[in-house]
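Contents: one structure, followed by commentary.
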Amino acid sequence: MYKLWIANKNYSSWSLRPWILLKVLNIPFDENICYFEVGIGKSSHDKFKSFSPSGLVPCLVDGKQTVWDSLAISEYLYEEYPQVWPTDKSARTWARCASAEMHSGFSVLRQTCPMNLSHQSPLEKISRELQADLNRLQQLWQEGFTTFGGPWLAGAQFTAVDAFFAPIAFRIRSYQLPVSNAAQQWVDRMIALPAMQEWYHSALTEPVVEHI
């Protein structure tokens with residue numbers, strides 16, 4: 001059985017991505033949590049190096065095979081579970097592109113609105129740079145809805161591209177970010193998933209809840 005290493009559910013957006021993918025697709029795995037070090041100047045790198053070659057989370061262990069990085073984990077899972085990505089080639093290509101853009105982009109959104117599930121408060125101001133990220137986000141999602149028919153980003157089924165944007169759903173709710181009706185409907189649909197609710201409630205009961 002797969003072993004998935006993650007960090008704090010309250011903060012670790014990268015951990016959420018493969019976790020929610022495995023959960024929603026009913027792929028069996030063992031969850032292993034290694035909490036971030038707390039405090040100024042503290043680093044979790046050395047602790048995470050005990051199971052992750054990069055010293056980062058998430059990390060998937062499959063027997064003697066270790067897979068680090070959320071995008072690599074998704075591709076590794078796809079080899080055994082093709083439902084990870086859309087069946088249609090065009091939808092699959094778009095989903096991979098959108099996931100890669102999320103993987104490397106939206107830096108202002110990430111920095112301004114870090115994932116913190118215990119935080120529920122609107123931003124006092126939306127900067128021009130943050131609005132640009134939100135505009136691109138909504139444009140990208142609308143392209144998916146229009147091209148592939150919804151209700152998920154790449155069609156009728158939840159796939160890895162939805163998992164990659166799962167932390168954004170929590171961010172939009174936590175910071176009450178303004179988005180279109182179509183985008184908000186996807187956010188509501190994501191957060192209503194039993195697996196997302198499980199993650200959220202586990203995050204609120206974590207023993208380590210200090211800001212990091």
Side-chain angles (χ1 to χ4, degrees), residues 6-21 23-24 33 35-40 42 44 56-58 70-71 95 98-145 150-154 158 160-212:
I6 62 174
N8 307 52
K9 291 181 177 178
N10 198 34
Y11 309 114
S12 184
S13 58
W14 294 108
S15 295
L16 172 58
R17 293 180 171 99
W19 188 96
I20 197 70
L21 181 64
K23 278 282 185 177
V24 174
I33 298 181
Y35 292 114
F36 291 121
E37 292 292 334
V38 177
I40 298 174
K42 294 288 187 69
S44 305
L56 300 171
V57 289
S70 55
L71 196 55
S99 299
E101 183 174 351
M102 180 70 254
H103 190 266
S104 61
F106 300 100
S107 59
V108 176
L109 176 55
R110 295 177 195 272
Q111 294 165 8
T112 307
C113 305
M115 194 173 87
N116 183 344
L117 300 188
S118 62
H119 173 90
Q120 299 289 327
S121 179
L123 290 180
E124 294 183 2
K125 180 181 179 181
I126 304 292
S127 70
R128 181 174 61 182
E129 294 79 10
L130 176 57
Q131 189 60 59
D133 267 4
L134 290 173
N135 291 345
R136 173 54 186 158
L137 182 76
Q138 293 170 90
Q139 177 189 35
L140 182 63
W141 288 3
Q142 189 59 54
E143 181 182 359
F145 299 143
W152 300 104
L153 292 177
F158 176 101
V161 67
D162 298 286
F164 265 81
F165 285 95
I168 299 297
F170 280 137
R171 285 178 164 106
I172 288 174
R173 184 179 70 171
S174 292
Y175 297 93
Q176 299 179 29
L177 301 177
V179 294
S180 67
N181 288 336
Q184 188 62 55
Q185 288 174 7
W186 179 85
V187 168
D188 293 343
R189 185 175 297 110
M190 278 294 299
I191 292 177
L193 286 171
M196 287 284 277
Q197 287 295 305
E198 179 184 343
W199 178 281
Y200 174 71
H201 290 294
S202 293
L204 298 186
T205 60
E206 283 180 335
V208 179
V209 294
E210 299 176 50
H211 183 67
I212 56 175

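Proximity of K9 to Y200: side-chain heavy atoms (C-beta onward) are nowhere separated by under 4.5 Å. The closest side-chain heavy-atom distance from E206 to Y35 is below 4.5 Å. A 4.5 Å side-chain heavy-atom check between P58 and R17 finds every atom pair outside the cut-off. At a threshold of 4.5 Å between non-hydrogen side-chain atoms, the residues L123 and C113 count as touching.
Among all heavy-atom pairs drawn from K23 and A195, the shortest one is CB-CB, 3.8 Å. Nearest heavy atoms, R173 versus I191: NH1-CG2, 3.4 Å. Contact record, A7 with S15: N-OG, 3.1 Å, taken as the closest heavy-atom pair. Of all heavy-atom pairs between A192 and Q197, the closest is O-CG, 4.4 Å. A163 and I20 make their closest contact through CB-CG2, 3.6 Å (heavy atoms, listed as atom of the first residue, atom of the second, distance). In plain terms, the two heavy atoms of L117 and L204 that are nearest each other are O-CD2, 3.7 Å.
With rounding to the nearest 0.5 angstrom, the CZ atom of F164 is 7.0 Å from the CH2 atom of W14. Taken from CD in Q184 to CD in Q138, the straight-line distance is 10.0 Å, to the nearest 0.5 Å. Here N135 contributes atom CG and L140 contributes atom CG; the two are 12.5 Å apart, rounded to the nearest 0.5 Å. Note that the CG atom of L21 and the CG atom of D162 stand 9.5 Å from one another [nearest 0.5 Å]. In this structure, CD on Q120 lies 8.5 Å from OG on S118, to the nearest 0.5 angstrom. To the nearest 0.5 Å, atom CG of residue N10 and atom CG of residue L16 are 11.5 Å apart.
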Q | From CA spacing to verdict: side-chain contact (heavy atoms from CB on, under 4.5 Å), I126, L177 | A | CA-CA 8 Å; I126 304 292; L177 301 177; 4.1 Å; yes
Q: Step by step, work out the side-chain contact (heavy atoms from CB on, under 4.5 Å) result for M196 and R189.
A: CA-CA 10 Å; M196 287 284 277; R189 185 175 297 110; over 6 Å; no
Q: Report the C-alpha separation of F158 and L193 in whole Å, then their side-chain angles, then the decisive distance to 0.1 Å, and conclude whether the side-chain contact (heavy atoms from CB on, under 4.5 Å) test is met.
A: CA-CA 11 Å; F158 176 101; L193 286 171; 4.0 Å; yes
Q. side-chain contact (heavy atoms from CB on, under 4.5 Å) between T112 and D133: does it pass, once the steps are laid out?
A. CA-CA 11 Å; T112 307; D133 267 4; over 6 Å; no
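Among F170, Y11, Y175, the single residue meeting the ring-ring contact (aromatic ring centres under 6.0 Å, His included) criterion with H119 is Y175.
Residues N181 and Q185 bring no donor and acceptor atom of their side chains to less than 3.5 Å of each other. Side-chain contact of R136 with Q139: a donor-acceptor pair under 3.5 Å is present, judged by distance alone.
A donor-acceptor contact shorter than 3.5 Å links the side chain of S99 to the backbone of A95.
Cation-pi check for R171 over F106 is not met; the charged atom does not lie both under 6.0 angstrom from the ring centroid and within 45 degrees of its normal.
For Q142, the side chain to side chain contact (heavy atoms under 4.5 Å, CB included) partners at least two apart in sequence or on another chain are F145, T146, A182.
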